[in-house]
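Contents: one structure, followed by commentary.
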2 protein chains.
Amino acid sequence: MPGQKLPDGKPIRVALLGCGTVGAEVVRLLTDQAADLTARVGAPVELAGIAVRKPNKHREVPAELLTTDAAGLVASDVDVVVEVIGGIEPARTLLLDALRAGKSVVTANKALLAEHSGALFEAADASGADLYFEAAVAGAIPLLRPLRESLAGDRITRVMGIVNGTTNYILSGMDATGAGYGEALEEASRLGYAEADPTADVDGFDAASKAAILASLAFHTRVTAADVHREGIAAVTAADVAAAKGLGRTVKLLAICERVTSASGEESVSARVHPAMIPRSHPLAGVGGAFNAVFVEADAAGEMMFYGKGAGGAPTASAVLGDLVAVARNRVVAGRGPRESAYAALPVRPMGQTPTRYHISLDVADKPGVLAQVAAVFADHGVSIAAVRQEVRVADASLVVVTHAATDAALRSTVDKIAGLPVVREVVSVMRVEGEES
Amino acid sequence: MPGQKLPDGKPIRVALLGCGTVGAEVVRLLTDQAADLTARVGAPVELAGIAVRKPNKHREVPAELLTTDAAGLVASDVDVVVEVIGGIEPARTLLLDALRAGKSVVTANKALLAEHSGALFEAADASGADLYFEAAVAGAIPLLRPLRESLAGDRITRVMGIVNGTTNYILSGMDATGAGYGEALEEASRLGYAEADPTADVDGFDAASKAAILASLAFHTRVTAADVHREGIAAVTAADVAAAKGLGRTVKLLAICERVTSASGEESVSARVHPAMIPRSHPLAGVGGAFNAVFVEADAAGEMMFYGKGAGGAPTASAVLGDLVAVARNRVVAGRGPRESAYAALPVRPMGQTPTRYHISLDVADKPGVLAQVAAVFADHGVSIAAVRQEVRVADASLVVVTHAATDAALRSTVDKIAGLPVVREVVSVMRVEGEES
């Protein structure tokens with residue numbers, strides 16, 4: 001590296017908690033890029049220890065660094081604690097201890113942040129420590145720093161993204177092959193894109209944690225995972241996907257965070273995770289396989305999109321290392337990164353009050369007056385119809401209705417009533433529609 | 001804004017230099033979002049004065065803030081100087097004065113940064129002031145902060161983007177309508193997408209400045225605009241665009257910054273701006289009109305893309321305000337943002353040594369042996385052929401050759417020789433190809 005001047009600063013000592021796929025990559029990058037990191041930080045970055053449960057299972061890292069005493073490592077002479085264990089405990093206690101002791105924290109733990117960010121930020125503020133967590137959402141894609149910092153002078157109105165790679169892989173597969181959910185999940189498991197227990201992914205828990213983090217940062221408020229309306233993809237059928245295709249749409253699991261202003265001018269936020277049909281022309285439609293992408297809208301900046309790898313050891317480690325460089329550099333210059341910005345303290349609007357658009361696909365009798373009967377039910381329930389498509393087949397007909405924005409409650413009673421009409425043979429698919437003008 | 005706690009800190013005083021489209025938006029956002037900015041910064045942000053050349057031309061901003069004495073405003077009791085004048089002087093002198101006096105600087109001035117970032121960073125480092133310039137590249141898209149900070153723990157290998165909206169608008173128009181360059185430029189001028197003197201855009205100067213800034217940040221080195229190989233779009237013909245279309249490609253003006261490792265392990269960087277054909281399936285191909293998008297590849301993070309509005313008053317002002325919040329917050333906590341990171345000091349590889357792939361489209365006689373003759377010329381010059389397509393028409397034939405990577409010199413002598421072959425009627429199009437495996 002020609003021209004490099006190595007600074008002679010005191011080393012920044014790092015405790016690593018956890019050494020799975022991501023942790024092992026963090027160790028590798030810290031070693032391989034030691035000279036670069038030193039130059040970028042202004043001081044050497046030194047791995048002081050790695051806390052693991054079973055030291056003999058980690059032959060890829062230096063044995064002398066391994067310890068089973070995570071609490072002892074956090075309490076030792078370290079400047080920064082990097083946590084890649086995941087889950088609530090013991091991570092929560094360890095990180096609160098670290099922050100209270102004035103040690104900066106870098107974490108990839110979305111579940112912890114989505115539930116306890118308030119307590120973590122308060123501990124960080126009390127001691128003046130940094131709390132960074134870029135890796136918690138959308139892996140390597142620089143997303144949280146842009147939301148937290150680059151757009152700090154703007155008013156973000158909407159964040160909509162594909163933030164879970166497993167479900168995106170499954171839905172991309174269903175779209176490509178016409179397979180049902182079960183078959184596509186099996187394929188994803190076989191290829192290592194889905195865990196043995198895929199619940200956290202397919203039921204939307206993982207995406208809901210990320211939605212809570214995104215909504216908090218984007219709207220300067222506190223949103224927890226419990227505030228996020230959550231629907232997974234297990235109920236998405238091959239018929240739903242086929243119906244979407246027939247309309248030039250595709251089905252994606254979306255995390256959507258919106259700033260909402262009521263008629264009386266009161267602001268609130270809405271955060272939800274659910275499958276939805278989006279037009280194939282939408283930038284998110286082309287995001288296939290295990291990739292992630294997040295669409296952001298702000299008053300002055302307009303529309304932006306961030307795209308990249310959402311998971312995996314190396315991409316997640318890249319995000320962790322970026323944060324580590326930032327907090328280490330803050331140590332060197334005795335500075336501090338941005339704190340929590342939750343001053344807006346906006347209420348969360350319940351899903352029942354959040355209108356969305358729907359696509360409803362019906363098998364109906366091929367008789368005169370069917371459309372009139374169905375349309376009357378929509379009108380009776382105050383659900384406005386945006387578009388209708390009717391196709392006559394051999395013995396029956398298909399009827400597709402796309403609504404204007406309506407609440408879940410209004411839609412549900414509409415569909416219940418329609419399902420009971422004698423002319424309706426089957427409600428084939430009911431799904432939300434996003435990404436188009438209402 | 002429920003729950004908001006207004007801090008009682010000393011206000012951060014801001015000098016605004018310039019009040020054109022961007023400056024006026026900065027004033028508007030500072031006023032409209034005063035309460036939010038105060039909460040995010042931790043102190044009120046106060047506009048101390050606006051330096052303009054002709055105060056009577058700025059009726060949209062408070063008259064008492066206007067001054068023609070920019071130097072006096074910079075020297076007055078202000079904490080931050082925001083520069084949106086553009087051009088080298090007087091911006092350079094004013095910003096050097098501000099930084100030397102310890103005032104933080106936010107600038108959108110790509111030309112200045114691409115030529116004088118070294119001097120500016122040195123002045124900032126000497127006094128401990130901040131120098132931020134997110135708005136200088138890709139308008140509102142958060143791009144520089146991710147490169148400078150989020151990816152600071154990774155090794156960026158390539159940055160490739162559409163960073164000039166005017167040329168992208170013109171090329172998108174040529175692609176959509178089949179129009180020639182002159183006609184498309186005229187249309188862009190008529191609609192306000194091209195300036196009266198479009199030289200800076202269409203000849204690639206604007207994109208070259210941005211490429212210099214991107215290469216410097218991505219590779220931790222200093223690259224100036226003069227280091228960037230530059231070709232504009234004036235020579236792109238309707239035939240080039242049609243040839244691209246015929247091959248499932250589209251023509252874009254790209255800024256490409258690469259880290260190159262020689263066979264002997266020596267690292268250098270290459271930075272270039274030129275039109276190129278990219279596959280229509282490439283994420284950059286769908287970036288139409290005045291939008292910008294930048295593709296980034298890093299060792300651990302993999303591929304990422306950033307997409308959004310690259311220019312315009314409000315988007316650029318959004319980026320300026322984001323930087324302003326950051327430097328103001330740094331003032332409040334007596335911290336400091338990242339400094340210049342140019343430790344790598346990598347040499348710049350000349351374009352003559354930078355191999356790229358080419359597409360060559362020829363009108364040839366419909367005779368046996370034409371392909372053999374043409375192929376022999378390529379072989380004689382050491383230019384390897386990747387793909388060939390020959391189409392017989394009424395009286396002649398078209399021959400399309402796509403090469404493997406070759407240097408400009410080798411390609412030029414190949415094409416000269418081919419143009420002289422009796423069987424070749426015309427060299428219809430020669431253009432670089434990017435975005436595919438070589």
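Because only heavy atoms are used, hydrogens play no part in the values below, and waters and symmetry mates are left out as well, while side chains stay in. Naming convention: chains lettered A, B, ... in sequence-line order (proteins, then strands); numbering from 1 in each chain.
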Given the options [options], which has more heavy-atom pairs under 4.5 Å with chain B than any of the others?
options                                  : result
Ala300(A), Gly308(A), Gly322(A)          : Ala300(A)
Arg28(A), His220(A), Glu25(A), Glu134(A) : His220(A)
Leu321(A), Asn330(A), Leu144(A)          : Leu321(A)
Ala301(A), Ala319(A), Ala326(A)          : Ala301(A)

Could you walk me through whether Arg339(A) and Val333(B) pass the side chain to side chain contact (heavy atoms under 4.5 Å, CB included) test, one step at a time?
-> CA-CA 11 Å; Arg339(A) 306 169 198 208; Val333(B) 299; 3.4 Å; yes

Which bit of [X] comes within less than 4.5 Å of chain B, counting heavy atoms only: side chain, backbone, both or neither?
X         : result
Arg155(A) : both
Glu149(A) : both
Leu324(A) : neither

For chain A, which of Gly128(B), Pro338(B), Gly139(B), Gly337(B) has the most heavy-atom pairs under 4.5 Å?
->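 That would be Pro338(B).
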
With chain A, which of Gly286(B), Ala140(B), Ala298(B), Pro142(B) has the greatest number of heavy-atom pairs at distances under 4.5 Å?
->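 Ranked by heavy-atom pairs under 4.5 Å with chain A, first place is Pro142(B).
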
Inspect the surroundings of OH in Tyr169(A) and state if more than 12 heavy atoms from other residues, nucleotides or ligands are less than 6.0 Å away.
->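 Counting other residues, nucleotides and ligands, OH of Tyr169(A) exceeds 12 neighbours.
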
Tyr193(A), OH: over 12 other non-hydrogen atoms inside 6.0 angstrom |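 Not more than 12 within 6.0 Å, no.
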
Close contacts, residues 310-318 of chain A versus chain B, judged by heavy atoms under 4.5 Å =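 Against chain B, the residues of residues 310-318 of chain A that fall inside the cut-off (heavy atoms, under 4.5 Å) are Ala314(A), Pro315(A), Ser318(A).
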
Inter-residue atom distance Asp36(A).CG - Asp154(B).CG, 0.5 Å rounding =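 Between atom CG of Asp36(A) and atom CG of Asp154(B) there are 10.5 Å.
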
Run the numbers on Ser341(A) and Arg40(B) for side-chain hydrogen bond (donor to acceptor under 3.5 Å, both in side chains), then give the verdict.
-> CA-CA 6 Å; Ser341(A) 176; Arg40(B) 294 173 194 177; 5.2 Å; no

Determine the minimum heavy-atom distance between Leu37(A) and Gly153(B), stating which atoms define it.
->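 Between these two residues, the closest heavy atoms are CD2-CA, 3.9 Å.
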
Which residues share a side chain to side chain contact (heavy atoms under 4.5 Å, CB included) with Glu303(A), sequence neighbours left out =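 Testing Glu303(A) for side chain to side chain contact (heavy atoms under 4.5 Å, CB included), a comparison that skips the adjacent residues, returns Phe295(A), Glu297(A).
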
Using the test side chain to side chain contact (heavy atoms under 4.5 Å, CB included), find all partners of Tyr307(A) that sit at least two apart in sequence or belong to another chain.
->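 Partners of Tyr307(A) by the side chain to side chain contact (heavy atoms under 4.5 Å, CB included) criterion, ordered by chain and then number, come out as Val287(A), Phe291(A), Ala293(A), Met305(A), Met305(B).
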
Which residues share a salt bridge (charged side-chain N to carboxylate O under 4.0 Å, His left out) with Arg280(A), sequence neighbours left out =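 Salt bridge (charged side-chain N to carboxylate O under 4.0 Å, His left out) check on Arg280(A) returns Asp175(A).
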
Does the side chain of Pro146(A) come within less than 4.5 Å of Arg145(B)'s, by heavy atoms?
->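 No. Closest side-chain heavy atoms not under 4.5 Å.
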
